[in-house]
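Residues take their numbers from the sequence shown, with the count starting at 1. When reading the values below, keep in mind they use all heavy atoms of this one structure, side chains included, and skip hydrogens, waters and symmetry mates.
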Amino acid sequence: MHVKKPLNDRCHMGTQWIIPVVSLHAIYVAILVGFTGAIRHIEFRFDELRDLWQGILVSASSIGVWVAAYILNEIHDDISWLQVVSRFALLVTASILVLSFFSISSSQPLLSQISLRKREPLAFETMGQALGIPNSGLLLPREPAPVIDPNEPLDKLLMNKRFRQSFMSFADSCLAGESVHFYEEVHELGKIPVDDPVRRIYMARHIIDKYITAGATMEVNISHRSRQAILTTSNLAQPNLFNDALNELIQLMKMNLANDYWSSTYFMKFKEEASMRSHELQQMTSWNSPTPRLSSVHGVDDPFHQEQEP
């Protein structure tokens, strides 16, 4: 190009080439914005969607500065200080683009491939722990012992963590524990705030893959209507997504598991542990309660003439 049609003593591209180059950068930003806006239910890692938008904003801003510096460099080639400033801006913005590419979360798989350090994967027992749900899968050591009444509704009893784990162990021994595990996961989902759709979608996707999808590892026995309502929903973050399926499974647990549980050794062991914890808490309470200070002075020698406690 410079040999065929030189503009001056430096190589410059004409307008017919500047427009396609600028369009390529604009198309890149438009594709990123359109792609992230069009896809739904993508399994981003927790805050990855927000990080991706930040990366797009940094890239778009840098490209805007780069294009402005490029145009100034092409048009005002007679102003020396503007040439220096524009070329410096080109180098700086190009460095920012490279830095943002290697720092935003969407490029982390690439970083893990080129990294020389071997990173040990984090292992979590439950999805709730991986998502950082408070007290997920944990039993508080000083939690008061619950008073279990078999006449109370099962869904109310399952709200207690210790009873739910005992009932889950019994259901697993009967090879019918998927319903209780499903209840546990949905209960953990309810702890995620409604204004945190990313974690709610990630948890809902996990529940669907594990319990709802046909042929899943722990597929639950629910009606076709409830299953299709979950699989075809357009909003995985809605709070009432699993309510119908949960009500059906609670009815199944009442009919198939509850009556046998009350006469099982699991319930006997649960009552023994509850009574032991209650006794320990009573002892700790009595130790921590203030006791009256006993005086070694006899009643006749007491200058205040107060009655002494035995």
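A donor-acceptor contact under 3.5 angstrom links the side chains of Ser166 and Tyr261, judged on distance only. Side-chain atoms of Ser226 and Ser223 include a donor-acceptor pair closer than 3.5 Å. Using modelled atom types, one finds no donor on one side chain facing an acceptor on the other under 3.5 Å when comparing Asn247 with Asp244.
Here the shortest heavy-atom pairing between Gly215 and Glu219 reads N-OE1, 3.0 Å. Smallest separation of non-hydrogen atoms from Leu158 and Arg164: O-NH1, 2.5 Å. Taking each heavy atom of Arg200 and Pro193 in turn, the nearest pair found is CD-O, 3.3 Å. The shortest non-hydrogen separation linking Leu189 to Ala204 is CD1-N, 4.4 Å. Heavy-atom minimum distance, Gln238 versus Asn235: CG-O, 3.3 Å. Pairing each heavy atom of Pro153 with each of Asp155, the nearest pair is CB-OD1, 3.1 Å.
Within the 4.5 Å cutoff, no side-chain heavy atoms of Met276 are placed close to those of Lys271. A heavy-atom distance below 4.5 Å is found between the side chains of Arg205 and Leu236. Side-chain contact between Tyr211 and Glu185 is present, with at least one heavy-atom pair separated by less than 4.5 Å. The side-chain heavy atoms of Phe170 and Val180, taken from C-beta on, include no pair separated by under 4.5 Å. Ile212 places a side-chain heavy atom less than 4.5 Å from the side chain of Ile222.
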Inset, instruction - Evaluate side-chain contact (heavy atoms from CB on, under 4.5 Å) for His224 paired with Gln228, printing each intermediate quantity in order. - result: CA-CA 6 Å; His224 177 74; Gln228 288 302 116; 3.4 Å; yes
Legend entry - Evaluation steps, salt bridge (Lys or Arg N to Asp or Glu O under 4.0 Å), between Lys191 and Glu188: CA-CA 5 Å; Lys191 297 179 181 179; Glu188 296 296 314; 3.4 Å; yes
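Between Leu249 atom CG and His181 atom NE2 the span is 13.0 Å, to the nearest 0.5 Å. To the nearest 0.5 angstrom, Thr232 atom OG1 is 12.5 Å from Arg227 atom CZ. Note that CG of Leu257 is 12.5 Å distant from CD1 of Ile250, once rounded to the nearest 0.5 Å. Rounded to the nearest 0.5 angstrom, Leu252 CG and Glu178 CD are separated by 10.0 Å. Expressed to the nearest 0.5 Å, how far CZ of Phe242 lies from OG1 of Thr233 amounts to 9.0 Å. Between Thr217 atom OG1 and Asp209 atom CG the span is 9.0 Å, to the nearest 0.5 Å.
The hydrophobic cluster containing Met159 also contains Leu157, counting ILVMFWY residues as joined when their side-chain heavy atoms lie under 4.5 angstrom apart, directly or transitively. Note on Val220 and Met255: same hydrophobic cluster, where clusters join Ile, Leu, Val, Met, Phe, Trp and Tyr whose side-chain heavy atoms are under 4.5 Å apart, directly or indirectly. Residue Trp81 is not grouped with residue Val65 when hydrophobic side chains (ILVMFWY) are merged at heavy-atom distances under 4.5 angstrom, including chains of intermediate members.
With Phe267 as reference, Trp262 is the one residue of Phe163, Phe167, Trp262 to meet the ring pair (Phe, Tyr, Trp, His ring centres under 6.0 Å) rule.
Open room surrounds NZ on Lys269; 12 or fewer heavy atoms of other groups in view lie less than 6.0 Å from it. By the 6.0 Å contact criterion, CE on Met218 is enclosed, its count of non-hydrogen atoms from other residues, nucleotides or ligands being greater than 12.
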